[in-house]
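Scroll down for the structure; my scribbles are underneath it.
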Amino acid sequence: MLPFKKEIAARLASLTGMAAEEVETCLEIPPDPALGEYAFPCYPLARRLKKSPQAIAAELAGRMAPSEHLERVENAGPYLNFYVQRSYLFQKLLPQILQEGPSYGTLNEGEGRTVLVDYSAPNIAKPFSVGHLRSTVIGNALCRLYRACGYKVVGINHLGDWGTQFGKLIVAYRRWGEAARLAGDPVHYLYHLYVRFHQEAENEPELEEEARQWFRRLEKGDREARELWERFRDLSLENFQRLYHYLGISFDSYMGESDYNDRLEATIELARRRGLIKESEGALVADLEPYGLPLCLLRKKDGAALYITRDLAAAIYRHETYSFDRMLYVVGAEQTLHFQQFFKMLALLGFDWAGNCVHVPFGLIHFKDGRMSTRQGNVIFLEEVLKRAVELAREIIEEKNPSLQEKDHVARAVGLGAVIFGDLINDRIKDVEFDWEKVLDFAGETAPYIQYSHARICSILRRAASETGSSGTTAATLLHEPEEEALIVAMAHFSEEISRAVRDNRPSYVARYLLELARGFNKFYHNCPVLTAEKELREGRLMLVAAVRIVLRNGLALLGIEAPQEM
Ligand code: ARG
């Protein structure tokens, strides 16, 4: 955030009678730097003052004198545009970025507050498909963004490790299972058994009843059922953890659905005491109709608890344990109704913190051939997607830069970066169409484009043999080309983008921002020579690109993407 934002807010507040915080939220970042660093739309005031917004803008502009950071204010139609002092940008901010390095952009607005992020949460014995990729990638970025804002973050993987599918798997494994194949490749093999179960059950419907019985035995703690379940769970978890490690992701807790088994009864009891429970054909339900929501089933007539019962127990446990200020559930939009019911139930149970629970939904991911489904067997495994990404990246690198050192490392950073960014660049609520060529295009709206810009700067700095161009402020005074200004202004807004991304739980803001910054750099580099510029100017430009490198690197890290030095 630019230092004069608060100042503008305070001054406008005293001129208009609005609250300073309100002014601050109204301040926009104009799309074009020629319109200043901030713009204030006068429409809301027009209603209050019964004057045209244009007239208000003109009047206010005349009453805002320049100050240490504020160079000038102009009215443009219904807007007031604020311009920061150029000397501030180049002489103060630029050295500040270089000095702060990896911590540039971080904020403390979340200090003292705790956020829980429930994300990834694959289902054991159903595959970790690319559908879970979105939750993993978005959730990881949100964890990093919240941390950058000063929050204490707890990342939780609410493993889907309980449910009737285990009954099916046990039946399938007892009939057709081979221990060696299970140990060799558990995720694929369990999935294979899962699909086979459904195929066979079409001709042999009794299998379904058998599976229900096995699940009941599991619930009762039957030894054989329990042992198989544990084996399925442990083997799958190991495999997931390898993937997380590969992606550079770690969780603070792996407490899954099964870990709440001993708290379900108490949860149902609480609902009963609150008068929320009705019996319906042997099942226990809560009537949410008065709130415009469907009936909430908490326990089936065979005694089995449901997904939502576990979510209720987990939320209560988490509040007891972490006393969170906010809890995010990064889960697909197809579960919107579930979260509406779940949060409503929490409120009815009397938890005033129910309002701090937020569903962060996202759309589906398609690979040209339609929605992926676990049952039909046309699912695409995450592991395969990641491998393919890295292979393709490696081919591109081999072609573009055959003499590159550490090709494996770079291919991994680029391949994974492409997949992660290919997701995060989209508004999360929209469906994503995944296209290999698009996400790996070095000139497109991609991670490789940003990574390549970063590597290019690294190479400029290596050639200049001057890491940061530390000679300071005199060189910086020579920077005033429009491309240079655009770059420094963009960098000034970095932390604000982070803060906005956290406010709306939308990492796409930061993704988009980085893309623009990389474009700005390439435009600058095309028009303004660096290494061949005259001595002082060269020094100033080296400082500028060194700062861009820092922001690109920090920004990619916030999205969970590495920035190699060479590509
Ligand atoms: N395992 C679930 C699924 O794949 C997602 C769980 C999300 N987290 C939660 N607390 N409900 O659909």
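Numbering of ligands and ligand atoms starts at 1, following listing order. The first residue in the sequence is number 1, and the count goes up from there.
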As an exercise, identify every atom of ligand 1 less than 4.0 angstrom from a heavy atom of [X].
X: H132; value: 4 (O)
X: H158; value: 8 (N), 9 (C), 10 (N)
X: D118; value: 7 (C), 8 (N), 9 (C), 10 (N)

For E202, does the CD atom have more than 12 heavy-atom neighbours from other residues, nucleotides or ligands under 6.0 Å away?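 For E202, atom CD is not crowded (no more than 12 foreign heavy atoms under 6.0 Å).
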With respect to A121, determine whether any N or O atom, backbone or side chain, lies less than 3.5 Å from an N or O atom of ligand 1.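 So ligand 1 has an N or O lying under 3.5 Å from an N or O of A121.
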Among protein heavy atoms, which lies nearest atom 12 (O) of ligand 1, and at what distance?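 Result: Q335 NE2, 2.8 Å.
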For atom 1 (N) of ligand 1, closest protein heavy-atom neighbour: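 Scanning the protein heavy atoms, the shortest distance from atom 1 (N) of ligand 1 goes to N123 OD1, 2.7 Å.
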Would you call R196 and E200 a salt bridge, using N to O less than 4.0 angstrom?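 Answer for the salt bridge query: yes.
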Salt bridge present between E224 and R174 (N-O < 4.0 angstrom):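 Salt bridge: yes.
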For the aromatic rings, using the six-membered ring if either is Trp, is the centroid distance between Y254 and F251 under 6.0 Å?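 Yes, the ring of Y254 comes within the 6.0 Å limit of the ring of F251, centre to centre.
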side-chain contact (heavy atoms from CB on, under 4.5 Å) partner of V432, chosen from I425, D427, L133, N426: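 Result for side-chain contact (heavy atoms from CB on, under 4.5 Å) with V432: N426.
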H493 side chain to E516 side chain, donor-acceptor N/O pair below 3.5 angstrom: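 Distance-only check fails for H493 and E516.
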Any donor-acceptor pair under 3.5 Å linking the side-chain atoms of N157 with those of Y244?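 Short answer, yes.
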Heavy-atom nearest option to atom 11 (N) of ligand 1, drawn from Y307, Y119, Y329: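 Closest candidate by heavy-atom distance is Y307.
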Of the backbone atoms (N, CA, C, O) and the side-chain heavy atoms from C-beta on, which set of D311 has a member under 4.0 Å from an atom of ligand 1: side chain, backbone, both, or neither?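 For D311, the contact with ligand 1 is made by the side chain alone.
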Quick one: does R310 get a heavy atom under 4.0 Å from ligand 1?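 R310: no contact with ligand 1 (<4.0 Å).
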